[in-house]
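Everything on this sheet refers to the single structure shown next.
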Amino acid sequence: MEFRTLYCGDVRVEHVGQEITLAGWLHRRRDHGGLVFIDLRDSRGIVQVVINPTEPDLDLDTVQEFRNEWLIQVTGTVSERPEGTVNMNLPTGQTEVLASSVNVINPSNTPPFNVNDSSNVDESLRMKYRYLDLRRPNLQENLWLRHRVVKHIRDFLDDKGFIEIETPILIKSTPEGARDYLVPSRVHRGQFYALPQSPQQLKQLLMVSGFDKYFQIARCFRDEDLRADRQPEFTQLDLEMSFVTERDVLNLTEDLYLDIMAKLAPEFSVTNPMPRIKYQDAMDRYGTDKPDIRFALELKNLSAEVQDFDFTVFKDTLAAGGCVKAISAPGCSSYSRKQMAGLTEFAVSRGASGLITIAVDEDGEQSGNSYRSVLSKYLSDAEMHLIAKATDASPGDLILIVAGKPKIVNAVLGDLRLELRDRLNLVDQDTLAFCFITDFPLFDWNEEKQRWDSSHHPFTSPTEEDEQYLDTDPGRVISKAYDLVCNGSELASGSIRIHRRALQEKVLAILGYTSSEMLERFNQLLEAFDYGAPPHGGIAPGIDRFIALLSRNATSIRDVIAFPKTQAATDPLFGSPDEVSTEQLRDLGLRIVPE
RNA sequence: GGCCCGGUGGUGUAGUUGGCCUAACACACAGCCCUGUCAAGGCUGAGAUCGGGGGUUCGAAUCCCCUCCGGGUCGCCA
């Protein structure tokens with residue numbers, strides 16, 4: 001006999017009259033004594049089974065022993081539900097299955113938490129019983145969503161002529177960027193493989209090989225501390241193309257995401273086309289290179305307006321090369337002293353020296369506005385007007401001003417902007433506001449180590465116009481790097497790469513590599529460039545973050561990964577990481593040194 | 001490594017200005033009743049020394065110290 005002839009979730013009116021066999025988990029039981037209803041659940045849904053004791057082959061006492069999560073096989077007849085008992089909340093709700101026989105395939109212990117609802121459960125308990133958590137509707141939906149998106153990506157790129165190629169998980173450590181996960185070699189005692197932080201150099205080599213358009217759903221590994229949106233292993237859509245410009249990569253990425261949104265998540269409204277914002281503009285207007293553009297509340301630079309004001313804080317800041325910027329919080333002029341203090345504390349905790357507020361009130365006079373602020377002691381009404389005008393503030397608004405080094409001012413006001421977004425409920429949850437950030441600087445100055453770092457990675461190409469400044473002024477060199485950002489979250493990062501050896505060596509030299517270090521770490525790439533390497537570029541969208549954005553119930557990427565790690569990078573289900581046997585250590589030539 | 005939040009029957013919560021807590025409620029669990037429910041319903045019952053250790057006190061879930069676990073965040077994430 002077959003385990004089943006129909007899925008629980010597939011029972012419909014068209015099956016009425018048919019004898020079917022179902023196999024599923026007991027989702028819920030409603031026992032009326034003489035009559036028992038069982039909601040039976042399988043991978044495709046839930047159907048109501050009716051246990052009527054008048055059936056000759058049904059033993060009611062047995063059925064009454066069934067409990068939640070028991071795996072049950074039911075044979076019976078599909079029937080239309082009697083009038084008034086239809087359940088429109090279930091896709092199967094116009095039907096029910098009148099059982100003629102039932103069979104326990106496998107009983108279940110009482111589950112450690114409710115499997116048949118979406119109630120909150122302590123996350124470590126959920127992780128310990130991840131296989132049960134995965135039975136619940138939220139994670140089921142998320143993983144199905146993930147599957148559909150990944151399949152869509154594969155089909156989309158296949159259609160565009162891409163080839164999917166797997167690259168090794170055991171590669172060579174190139175210890176810059178994130179910390180590597182290392183794998184000791186048994187064959188070569190004392191030597192190690194590293195797990196890839198991304199297949200970056202491998203995909204560039206595939207371009208040299210002439211594959212032209214490559215992609216991979218690639219697992220990446222970074223041994224850094226975890227966050228809601230960061231796991232030690234995560235998945236990227238890694239893709240690379242030859243003979244392309246930035247515009248080609250951005251257009252392809254835009255097409256891909258718009259296609260996914262249209263076909264798989266049409267309930268969201270999306271930015272189409274996706275705005276392309278230069279890095280410097282993003283910093284000026286939003287204070288960050290990953291702006292949430294669902295709402296305006298843009299940063300305004302007041303440096304020009306306030307430069308002649310008789311106010312020491314502004315004067316000294318500007319004299320020291322700093323800036324004065326502000327945002328206008330709509331409807332917040334009525335904030336209490338305590339609420340204002342809260343905002344100041346928020347700003348100071350993020351590095352600001354202070355926060356200056358101007359509450360804009362209605363005024364019956366010709367001016368229209370009156371102001372409450374510590375600045376009133378120093379500035380004239382006309383000067384206050386100037387600030388209000390520059391920040392587009394209206395009566396009822398609260399102007400928040402930060403003065404200091406541009407980096408800090410942007411960071412603080414950028415964070416305040418997001419804080420106001422949440423406090424004032426400024427965004428629509430059904431919008432995904434994609435945008436591209438372009439024209440990143442090629443290098444960032446590392447104050448601590450007194451050297452230049454790549455702002456993207458060392459293989460990123462400078463623009464042709466700026467190549468001339470590599471020697472004289474690396475800080476002003478703009479790169480061909482770009483990010484895809486959505487609702488304030490970085491979804492993808494990519495660039496046009498360097499494909500000529502001389503330029504690559506020059507960039508590596510600026511980053512502080514000696515010739516011998518270059519050969520030690522990057523020889524495979526540098527040498528490959530000597531064999532007719534084509535110009536190429538690509539992008540690497542994070543799959544986990546994107547699915548989490550699309551999911552209605554995910555609060556972290558853990559909710560879209562089948563078996564994630566805790567914040568301490570452990571797996572409570574398997575108990576990893578764990579010690580290994582002395583034999584295993586001996587094979588590898590390793591010894592554990594106590595702290 | 002820093003800062004913040006949390007840990008109370010199997011689960012989720014309440015209680016946390018020390019005493020009325022002999023720890024409450026819901027779900028789950030056990031028993032009984034019940035033939036049209038769908039978060040079924042009714043009655044009865046069992047189940048927690050309040051994450052662990054130490055301390056203060058006549059008295060601690062509640063206050064103090066240490067520690068473990070989970071989460072958020074800063075650092076970190078080319």
Side-chain angles (χ1 to χ4, degrees), chain A residues 27-40 46-55 60 64-65 67-69 79 81-90 92-93 96 98 108-129 132-133 174-180 197-198 200-201 220-232 234 349-351 411 415 440 442-444 446 448-449 451-460 479 481 490 493 495 507-508 511-513 521-522 540 542 555-556 558 565-570 572:
Chain A
H27 187 71
R28 214 169 243 122
R29 195 178 56 122
R30 290 174 295 279
D31 187 342
H32 289 237
L35 182 72
V36 181
F37 296 98
I38 288 173
D39 288 343
L40 205 61
I46 293 171
V47 70
Q48 172 164 285
V49 175
V50 184
I51 309 290
N52 196 317
T54 56
E55 283 291 326
L60 209 62
Q64 279 170 338
E65 283 175 12
R67 288 297 178 270
N68 287 344
E69 299 310 312
S79 165
R81 289 205 190 187
E83 191 154 349
T85 65
V86 168
N87 184 350
M88 293 313 286
N89 296 322
L90 284 179
T92 62
E96 58 192 7
L98 307 178
S108 170
N109 289 342
T110 301
F113 51 81
N114 288 342
V115 173
N116 57 14
D117 64 27
S118 301
S119 58
N120 273 332
V121 179
D122 177 73
E123 200 162 345
S124 59
L125 189 73
R126 288 172 50 197
M127 289 239 214
K128 184 173 178 194
Y129 295 95
L132 295 181
D133 197 21
T174 51
E176 59 277 331
R179 204 173 288 112
D180 280 327
Q197 295 179 26
S198 85
Q200 180 60 36
Q201 291 186 60
C220 305
F221 305 86
R222 295 178 190 176
D223 186 4
E224 297 292 348
D225 286 348
L226 290 80
R227 290 285 187 283
D229 62 353
R230 271 162 40 189
Q231 283 274 303
F234 61 100
S349 72
R350 280 158 179 75
D415 281 351
F440 283 83
L442 187 61
F443 303 107
D444 291 326
N446 185 326
E448 188 189 337
K449 293 175 181 158
R451 64 155 203 233
W452 293 105
D453 285 341
S454 291
S455 59
H456 182 49
H457 61 48
F459 316 113
T460 301
S479 73
E490 182 191 312
S493 199
S495 62
V507 167
L508 289 172
L511 292 169
Y513 290 96
R521 291 184 189 172
F522 303 115
T555 55
S556 107
R558 293 188 298 278
K565 305 273 190 296
T566 66
Q567 190 168 67
T570 66

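Chain identifiers are assigned alphabetically (A, B, ...) following the order of the sequence lines, protein sequences preceding nucleic acid strands; residue numbering begins at 1 within each chain. Because only heavy atoms are used, hydrogens play no part in the values below, and waters and symmetry mates are left out as well, while side chains stay in. Note that the coordinates shown come from a computational prediction; the quantities given were computed from them, not determined experimentally.
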So [X], base contact, sugar-phosphate only, or nothing? Heavy-atom distance under 4.0 Å.
X: A/Asp122; result: sugar-phosphate
X: A/Asn87; result: base
X: A/Arg126; result: nothing
X: A/Ser349; result: nothing
X: A/Leu90; result: nothing
X: A/Arg81; result: base
X: A/Pro82; result: base
X: A/Glu123; result: sugar-phosphate
X: A/Glu96; result: base
X: A/Ser454; result: sugar-phosphate
X: A/Asp31; result: base
X: A/Ser198; result: base

Same-atom distance ([atom1]) from [N] to [M], integer angstrom:
N: B/rA60; M: B/rC20; atom1: C1'; result: 16 Å
N: B/rG15; M: B/rA28; atom1: C1'; result: 22 Å
N: B/rU49; M: B/rC21; atom1: C1'; result: 12 Å
N: B/rG75; M: B/rC3; atom1: P; result: 16 Å
N: B/rG6; M: B/rU16; atom1: P; result: 14 Å
N: B/rU56; M: B/rU62; atom1: P; result: 15 Å
N: B/rG2; M: B/rA48; atom1: P; result: 37 Å

Could you point out which residue of A/Asn89, A/Asn116, A/Asp39 forms a side chain to side chain contact (heavy atoms under 4.5 Å, CB included) with A/Ile46?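 Filter result, single survivor: A/Asp39.
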
Tell me whether A/Gln197 contacts the main-chain N or O of A/Cys220 through its side chain, where contact means a donor paired with an acceptor under 3.5 Å.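 The answer is no, because no donor-acceptor pair under 3.5 Å joins these two groups.
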
Quick one: which of A/Lys128, A/Gln567, A/Arg558 gives a side-chain hydrogen bond (donor to acceptor under 3.5 Å, both in side chains) with A/Glu123?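 Exactly one pass, corresponding to A/Arg558.
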
Rounded to the nearest 0.5 Å, how far does OG of A/Ser349 lie from CG of A/Asp415? 8.5 Å

Considering every strand shown, what is the Watson-Crick or G-U wobble mate of B/rA26 when both distances are under 3.5 Å?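 Result: B/rU11.
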
May I ask which nucleotide in the shown strands pairs with B/rC38, Watson-Crick or G-U wobble, both distances under 3.5 Å? none

Footprint ends on RNA chain B, 5' to 3', for atoms under 4.0 angstrom from a heavy atom of chain A, come out as B/rG1 to B/rA78

Want to settle it: does A/Asn68 or A/Val86 sit nearer the 5' end of RNA chain B, counting the closest nucleotide to each? A/Asn68

Toward the 5' end of RNA chain B, which comes first, A/Thr54 or A/Arg179, by nearest nucleotide?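 The residue mapped nearer the 5' terminus is A/Thr54.
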
How are the rings of A/Phe459 and A/Phe522 set to each other: parallel, tilted or perpendicular (split at 30° and 60°)?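 It falls in the perpendicular class, over 60°.
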
Taking NZ, NE, NH1 and NH2 as the nitrogens, is one of them in A/Arg451 or A/Asp453 under 4.0 Å from a carboxylate oxygen of the other?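 Judged by the 4.0 Å cut-off on N to carboxylate O distance, A/Arg451 and A/Asp453 do form a salt bridge.
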
What heavy-atom pair brings A/Trp452 and A/Leu511 nearest, and what distance separates the two atoms?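 Closest heavy-atom pair between A/Trp452 and A/Leu511: O-CD2, 3.5 Å.
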
Looking just at side-chain N and O atoms, do A/Gln48 and A/Arg30 make a donor-acceptor pair shorter than 3.5 Å? yes

